[in-house]
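Structure, as C-alpha coordinates:
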Amino acid sequence: MLYQVSTIDALLLGVYDGVLPVSDLKTHGDFGIGTFDGLEGEMLALDGNYYQIKTDGIAYPVSGEITTPFATVTYFEADETFRLEKSANLSELENLFYAVKVDGNFSYVKARSVPRQEKPYLQLADAVSSQSVFEFENVSGTLVGFRTPEYVKGVNVPGYHLHFITENRSAGGHVLDLEMEKGDAALDITSIFLMELPASGDFYNAELGQNLQEDLEKVEK
Ligand SMILES: [Zn+2]
(Lines give C-alpha, C1' and ligand atoms only; values in the text may rest on other atoms or scores of the structure.)
Protein backbone atom coordinates (compact mmCIF):
# COMPACT_ATOMS: atom_id res chain seq x y z
CA MET A 1 0.00 0.00 0.00
CA LEU A 2 1.11 3.50 -0.80
CA TYR A 3 0.14 6.07 1.81
CA GLN A 4 0.07 9.78 1.04
CA VAL A 5 -0.54 12.92 3.09
CA SER A 6 -2.26 15.80 1.23
CA THR A 7 -1.71 16.50 -2.49
CA ILE A 8 1.09 17.91 -4.61
CA ASP A 9 -1.15 20.73 -5.83
CA ALA A 10 -1.88 21.80 -2.25
CA LEU A 11 1.89 21.99 -1.75
CA LEU A 12 2.29 23.95 -5.00
CA LEU A 13 -0.28 26.44 -3.69
CA GLY A 14 1.64 26.98 -0.45
CA VAL A 15 -0.21 24.68 1.97
CA TYR A 16 2.94 24.06 4.04
CA ASP A 17 1.60 23.64 7.58
CA GLY A 18 2.38 20.18 8.89
CA VAL A 19 -0.71 18.06 9.53
CA LEU A 20 0.70 14.67 10.56
CA PRO A 21 3.55 13.89 12.97
CA VAL A 22 6.35 11.79 11.52
CA SER A 23 5.75 9.33 14.37
CA ASP A 24 2.33 8.63 12.78
CA LEU A 25 3.70 8.64 9.25
CA LYS A 26 6.17 5.95 10.31
CA THR A 27 3.29 3.60 11.05
CA HIS A 28 2.44 3.69 7.31
CA GLY A 29 5.84 2.99 5.85
CA ASP A 30 9.59 2.56 6.18
CA PHE A 31 10.40 4.09 2.79
CA GLY A 32 9.38 7.32 1.11
CA ILE A 33 9.74 11.01 0.41
CA GLY A 34 8.09 14.30 1.31
CA THR A 35 8.71 17.54 3.11
CA PHE A 36 8.24 19.04 6.59
CA ASP A 37 6.21 21.70 8.37
CA GLY A 38 6.91 25.09 6.79
CA LEU A 39 8.55 23.36 3.80
CA GLU A 40 11.68 22.91 5.93
CA GLY A 41 13.83 20.59 3.86
CA GLU A 42 13.45 17.36 1.94
CA MET A 43 12.19 14.17 3.58
CA LEU A 44 13.69 10.80 2.78
CA ALA A 45 12.82 7.54 4.53
CA LEU A 46 14.88 4.43 3.95
CA ASP A 47 15.03 1.16 5.91
CA GLY A 48 12.77 2.72 8.55
CA ASN A 49 15.06 5.69 9.15
CA TYR A 50 13.58 9.12 8.45
CA TYR A 51 15.91 11.94 7.41
CA GLN A 52 15.46 15.69 7.00
CA ILE A 53 17.82 17.10 4.39
CA LYS A 54 18.20 20.77 5.16
CA THR A 55 19.61 23.61 3.05
CA ASP A 56 23.15 22.72 4.13
CA GLY A 57 22.67 19.44 2.26
CA ILE A 58 23.08 17.40 5.44
CA ALA A 59 20.69 14.56 6.23
CA TYR A 60 19.53 14.92 9.85
CA PRO A 61 17.72 12.14 11.71
CA VAL A 62 14.09 13.16 12.23
CA SER A 63 12.41 13.28 15.62
CA GLY A 64 8.87 11.93 15.81
CA GLU A 65 7.22 15.21 16.81
CA ILE A 66 8.00 17.09 13.61
CA THR A 67 5.04 17.17 11.23
CA THR A 68 4.61 16.86 7.48
CA PRO A 69 2.33 18.75 5.07
CA PHE A 70 3.04 16.32 2.18
CA ALA A 71 4.61 12.89 2.07
CA THR A 72 4.31 9.54 0.32
CA VAL A 73 5.48 6.37 2.06
CA THR A 74 5.18 2.60 1.82
CA TYR A 75 6.58 -0.53 3.42
CA PHE A 76 9.11 -1.38 0.75
CA GLU A 77 9.11 -4.95 -0.51
CA ALA A 78 10.79 -5.48 -3.86
CA ASP A 79 8.63 -7.06 -6.57
CA GLU A 80 11.24 -6.69 -9.29
CA THR A 81 14.97 -6.20 -9.14
CA PHE A 82 17.42 -5.55 -11.95
CA ARG A 83 20.86 -4.15 -12.71
CA LEU A 84 21.06 -0.77 -14.40
CA GLU A 85 24.07 0.09 -16.52
CA LYS A 86 25.20 3.53 -17.60
CA SER A 87 22.54 5.59 -19.38
CA ALA A 88 19.91 2.91 -18.90
CA ASN A 89 16.37 4.13 -18.51
CA LEU A 90 14.04 2.86 -15.86
CA SER A 91 11.30 1.08 -17.71
CA GLU A 92 7.89 2.57 -17.17
CA LEU A 93 4.90 0.57 -16.08
CA GLU A 94 2.51 3.19 -17.35
CA ASN A 95 -0.62 2.71 -15.28
CA LEU A 96 0.78 1.57 -11.96
CA PHE A 97 2.07 3.16 -8.80
CA TYR A 98 5.44 1.88 -7.66
CA ALA A 99 8.17 2.69 -5.22
CA VAL A 100 11.66 2.88 -6.72
CA LYS A 101 14.91 2.19 -4.91
CA VAL A 102 18.27 2.31 -6.68
CA ASP A 103 21.53 1.60 -4.86
CA GLY A 104 24.18 2.82 -7.24
CA ASN A 105 27.31 4.64 -8.22
CA PHE A 106 26.69 8.00 -9.78
CA SER A 107 29.15 10.12 -11.71
CA TYR A 108 26.87 13.10 -11.03
CA VAL A 109 23.89 13.96 -8.88
CA LYS A 110 22.35 17.42 -8.69
CA ALA A 111 20.04 17.77 -5.71
CA ARG A 112 18.32 20.55 -3.83
CA SER A 113 16.68 21.43 -0.57
CA VAL A 114 14.40 24.29 0.36
CA PRO A 115 14.52 26.62 3.39
CA ARG A 116 11.78 26.92 5.97
CA GLN A 117 9.11 29.36 4.78
CA GLU A 118 7.48 32.11 6.82
CA LYS A 119 3.84 33.14 6.59
CA PRO A 120 2.22 34.37 4.44
CA TYR A 121 3.55 31.44 2.44
CA LEU A 122 4.72 31.92 -1.13
CA GLN A 123 3.58 29.37 -3.68
CA LEU A 124 6.10 26.61 -4.24
CA ALA A 125 7.20 27.83 -7.68
CA ASP A 126 8.32 31.07 -5.98
CA ALA A 127 9.57 29.46 -2.78
CA VAL A 128 12.06 27.31 -4.70
CA SER A 129 13.85 30.45 -5.88
CA SER A 130 15.56 30.35 -2.47
CA GLN A 131 16.50 26.66 -2.74
CA SER A 132 20.06 25.42 -2.18
CA VAL A 133 21.51 23.21 -4.90
CA PHE A 134 24.16 20.56 -4.23
CA GLU A 135 26.29 18.75 -6.80
CA PHE A 136 27.78 15.37 -5.98
CA GLU A 137 30.45 13.81 -8.19
CA ASN A 138 31.47 10.15 -8.22
CA VAL A 139 29.24 9.35 -5.31
CA SER A 140 27.65 6.13 -4.08
CA GLY A 141 24.19 6.30 -2.63
CA THR A 142 20.53 5.47 -2.93
CA LEU A 143 17.69 6.94 -4.92
CA VAL A 144 14.38 6.77 -3.05
CA GLY A 145 11.06 7.67 -4.56
CA PHE A 146 8.01 6.81 -6.58
CA ARG A 147 6.75 6.57 -10.08
CA THR A 148 3.11 7.52 -10.37
CA PRO A 149 0.88 7.39 -13.44
CA GLU A 150 -0.11 10.37 -15.57
CA TYR A 151 -3.71 10.22 -14.33
CA VAL A 152 -2.73 11.26 -10.77
CA LYS A 153 -1.88 14.76 -12.00
CA GLY A 154 -2.77 17.20 -9.21
CA VAL A 155 -2.55 14.51 -6.55
CA ASN A 156 1.07 13.40 -6.87
CA VAL A 157 3.93 14.04 -9.32
CA PRO A 158 3.26 12.08 -12.54
CA GLY A 159 6.38 10.17 -13.57
CA TYR A 160 9.38 9.81 -11.29
CA HIS A 161 9.89 11.82 -8.11
CA LEU A 162 13.20 10.84 -6.54
CA HIS A 163 15.26 11.93 -3.57
CA PHE A 164 18.89 10.97 -3.03
CA ILE A 165 20.98 10.06 0.00
CA THR A 166 24.67 9.21 0.08
CA GLU A 167 25.81 5.72 1.02
CA ASN A 168 26.88 6.87 4.50
CA ARG A 169 23.42 8.52 4.87
CA SER A 170 24.94 11.92 5.57
CA ALA A 171 23.78 14.14 2.68
CA GLY A 172 21.36 14.30 -0.22
CA GLY A 173 18.29 16.13 -1.51
CA HIS A 174 15.50 16.24 -4.06
CA VAL A 175 17.01 15.02 -7.34
CA LEU A 176 17.14 17.60 -10.14
CA ASP A 177 19.51 15.70 -12.42
CA LEU A 178 21.75 12.65 -12.35
CA GLU A 179 24.13 10.46 -14.28
CA MET A 180 24.42 6.86 -13.13
CA GLU A 181 27.41 4.58 -13.65
CA LYS A 182 25.62 1.48 -12.47
CA GLY A 183 22.96 0.59 -9.97
CA ASP A 184 20.80 -2.10 -8.49
CA ALA A 185 17.19 -1.13 -8.91
CA ALA A 186 14.23 -2.50 -7.01
CA LEU A 187 10.58 -1.75 -7.72
CA ASP A 188 7.71 -2.21 -5.32
CA ILE A 189 4.47 -2.18 -7.27
CA THR A 190 1.53 -1.11 -5.15
CA SER A 191 -2.11 -1.56 -6.10
CA ILE A 192 -3.56 0.22 -3.08
CA PHE A 193 -3.28 3.98 -2.79
CA LEU A 194 -4.47 5.63 0.43
CA MET A 195 -4.59 9.42 0.69
CA GLU A 196 -5.18 11.32 3.92
CA LEU A 197 -6.23 14.95 3.44
CA PRO A 198 -5.65 17.75 5.96
CA ALA A 199 -8.66 18.06 8.27
CA SER A 200 -8.16 21.79 8.84
CA GLY A 201 -6.12 24.80 7.79
CA ASP A 202 -5.18 26.30 4.43
CA PHE A 203 -6.10 23.14 2.54
CA TYR A 204 -9.78 23.96 2.92
CA ASN A 205 -9.54 27.18 0.91
CA ALA A 206 -6.81 26.30 -1.59
CA GLU A 207 -7.97 26.53 -5.21
CA LEU A 208 -7.25 22.95 -6.08
CA GLY A 209 -9.25 22.85 -9.31
CA GLN A 210 -6.57 24.66 -11.30
CA ASN A 211 -4.09 23.17 -13.75
CA LEU A 212 -0.73 23.64 -12.04
CA GLN A 213 1.41 21.67 -14.53
CA GLU A 214 3.61 24.67 -15.33
CA ASP A 215 4.29 25.29 -11.64
CA LEU A 216 5.10 21.61 -11.16
CA GLU A 217 7.67 21.69 -13.97
CA LYS A 218 9.35 24.77 -12.46
CA VAL A 219 9.56 23.06 -9.10
CA GLU A 220 10.71 19.61 -10.20
CA LYS A 221 13.38 20.46 -12.74
ZN1 LIG B 1 11.03 16.09 -3.82
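Start at 1 and go down the list; that is how both ligands and their atoms are numbered.
Look at Arg147 and Glu94 and you find a salt bridge, because one of the NZ, NE, NH1 or NH2 atoms lies within 4.0 Å of a carboxylate O, short of that distance.
Among the candidates Val102, Leu84, Asn105, the single residue satisfying the side-chain contact (heavy atoms from CB on, under 4.5 Å) test with Lys182 is Asn105. Tested against Glu42, the residues Lys54, Arg112, Gln52 include a single side chain to side chain donor-acceptor pair (under 3.5 Å) partner, Arg112.
Atoms of the protein (N, O or S only) found under 2.8 Å from the Zn ion (ligand 1) are His161 NE2, His163 NE2, His174 ND1.
In this structure, Gln117 and Ser130 have side chains that are in contact, with non-hydrogen atoms separated by less than 4.5 Å.
Relative ring orientation between Tyr151 and Phe97 is described as perpendicular, the plane-to-plane angle rising above 60° on a 0-90° scale split at 30° and 60°.
Applying the side-chain hydrogen bond (donor to acceptor under 3.5 Å, both in side chains) criterion to Asn205, with sequence neighbours excluded, gives no partner residue.
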